[in-house]
Amino acid sequence: MLERETADGLVAVRLTEVEAYAGEADPASHAYRGKTPRNAVMYGPPGHAYVYFTYGMHFCVNVVCGPTGTASAVLLRAGEVIVGEDLARRRRMAGNGRSRVVAGAPPAPGPARGPLAARDLARGPARLCQALGIDRALDGTDLCDPAAPLRLRSAAPGSLAGQQPGVQFGPRVGVSVGVETPWRFWLQADPTVSVYRPHVRRNRV
DNA sequence: CGTCGGATAATCT
DNA sequence: GATTATCCGACGA
């Protein structure tokens, strides 16, 4: 479970999909070419959040894993919103201007009939961050601190008893190198797991 | 259902 | 100047 607490309220997500990045030894990792201002947090203590900005408009969040001095991390790719669905939906719809805002269209009646399905609220690393209101201000947050604005918690004991489906694995999404390393993990048949997409190189100028 | 291309800017070379 | 751990709307079947 990943919890995000702000003045607006609490949003909690049950993680369903992650990817592992093995620091400087991994060509797909942000740390492959060494330490930079952006990835500095990856070299810090484990259990902290590494938040980065990509594709000119999206944030993604990782959990730092290796001991201090190493740069391993796990990218949180998707989850199911358990608490605070309305707040999560508001954040996803608001999206600074250009996301899902249809001019002139009458607002959909009930939340269940909205254009944004509940399963899509945190289906993808950037969507997850948007639903939880995560940006670089949270870079370096100690996720193990129960009082932190963003924190990681175990599910309540027994809540998943007998219901845990199998964990599948395969290649990581959107990476141009290290494709042969199957370090994306997800819960089998879970509707909130994102769709696999290979890396695409865009047109040069 | 699926594939395709544009948006858009921090970060690094 | 090139690249990018992505998303969304459009379009075709």
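Chain A is the first sequence line, chain B the second, and so forth, proteins listed ahead of strands; every chain is numbered from 1. Just so we're clear, the structure is a prediction, and the values are computed from it rather than from any experiment.
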Exercise. Hey, could you give me the NE2/SG distance between A:H48 and A:C65, rounded to the nearest 0.5 Å?
Key: 12.0 Å
Quiz item: Choosing from C:dT6, B:dT11, C:dC8, which nucleotide comes nearest the side chain of A:R197?
Solution: C:dC8
Practice problem: Please work out which residues in residues 173-184 of chain A have a non-hydrogen atom less than 4.0 Å from an atom of DNA chain C and list them by number. | Solution: A:V173, A:G174, A:V175, A:S176
Exercise. Determine, for A:D190 against A:R14, whether the closest basic-nitrogen to carboxylate-oxygen distance falls under 4.0 angstrom.
Key: yes
Quiz item: The side chain of A:T54 lies closest to which of these nucleotides: B:dT8, C:dT4, B:dT11?
Solution: C:dT4
Exercise. Would you kindly confirm whether A:M57 and A:Y52 end up in one hydrophobic cluster when ILVMFWY residues are joined by side chain heavy atoms under 4.5 Å apart?
Key: no
Quiz prompt | Nearest to side-chain heavy atoms of A:T36, which nucleotide of B:dT11, C:dC7, C:dT6 | solution = B:dT11
Quiz item: For A:Y21, is the NZ or CZ atom of A:R172 found under 6.0 angstrom from the centre of its six-membered ring and inside 45 degrees of the ring axis?
Solution: yes
Quiz item: Can we say A:E5 and A:R151 salt-bridge, meaning some charged N sits less than 4.0 Å from an Asp/Glu carboxylate O?
Solution: yes
Quiz item: Is there a side-chain polar atom (N or O) of A:R77 under 4.0 Å from OP1 or OP2 of C:dT6?
Solution: yes
Exercise. Taking only the side-chain heavy atoms of A:R38 (C-beta and beyond), determine which of B:dC12, B:dA10, C:dT6 contains the nearest atom.
Key: B:dC12
Exercise. Can you tell me the pairing partner of B:dT8 across any strand shown, Watson-Crick or G-U wobble, with both distances under 3.5 angstrom?
Key: none
Practice problem: Look at the side chain of A:Y52 and the base of C:dA5, then say whether one donor and one acceptor between them are separated by less than 3.5 Å. | Solution: yes
Exercise. Using atom NE2 of A:H58 as one end and atom C1' of C:dT3 as the other, report the distance to the nearest whole Å.
Key: 15 Å
Quiz item: Which one, C:dA5, B:dT11, C:dC7, comes nearest to the side chain of A:A126?
Solution: C:dC7
Quiz item: Which nucleotide sits closest to the side chain of A:R33: C:dC7, B:dA7, B:dT13?
Solution: B:dT13
Self-check item: Whole-Å distance separating the CZ atom of A:R127 from the C1' atom of C:dA5
Solution: 15 Å
Quiz item: Nearest to the side chain of A:R136, which nucleotide is it out of C:dA5, C:dC7, B:dT11?
Solution: B:dT11
Quiz item: Could you give the CG-to-P distance, from A:D26 to C:dA5, as a whole number of Å?
Solution: 11 Å
Exercise. Using whole Å, report how far CG of A:D139 lies from P of B:dT11.
Key: 10 Å
Self-check item: Between P of C:dT4 and OH of A:Y32, the distance in whole Å
Solution: 13 Å
Quiz prompt | Any donor-acceptor pair under 3.5 Å from A:N62 side chain to A:A73 backbone | solution = no
Quiz item: Got a donor-acceptor contact below 3.5 angstrom from the A:N39 side chain to the A:T36 backbone?
Solution: yes
Quiz item: For A:R201 and C:dA2, what is the distance between atoms CZ and P respectively, to the nearest whole Å?
Solution: 11 Å
Exercise. Take atom CZ of A:R123 and atom C1' of C:dC7, then tell me their distance rounded to the nearest Å.
Key: 13 Å
Practice problem: Indicate the ring-plane relationship of A:H30 and A:Y50, choosing parallel, tilted or perpendicular according to the 30° and 60° boundaries. | Solution: perpendicular
Self-check item: Protein-nucleotide distance (A:L116, atom CG; C:dC8, atom P), rounded to Å
Solution: 8 Å
Self-check item: Stacking of A:Y55 on C:dT4 base (centres under 5.5 Å, planes under 30°)
Solution: yes
Exercise. Have a look at A:H199 and say if it touches a base, only the backbone sugar-phosphate, or nothing, with a 4.0 Å heavy-atom cut-off.
Key: sugar-phosphate
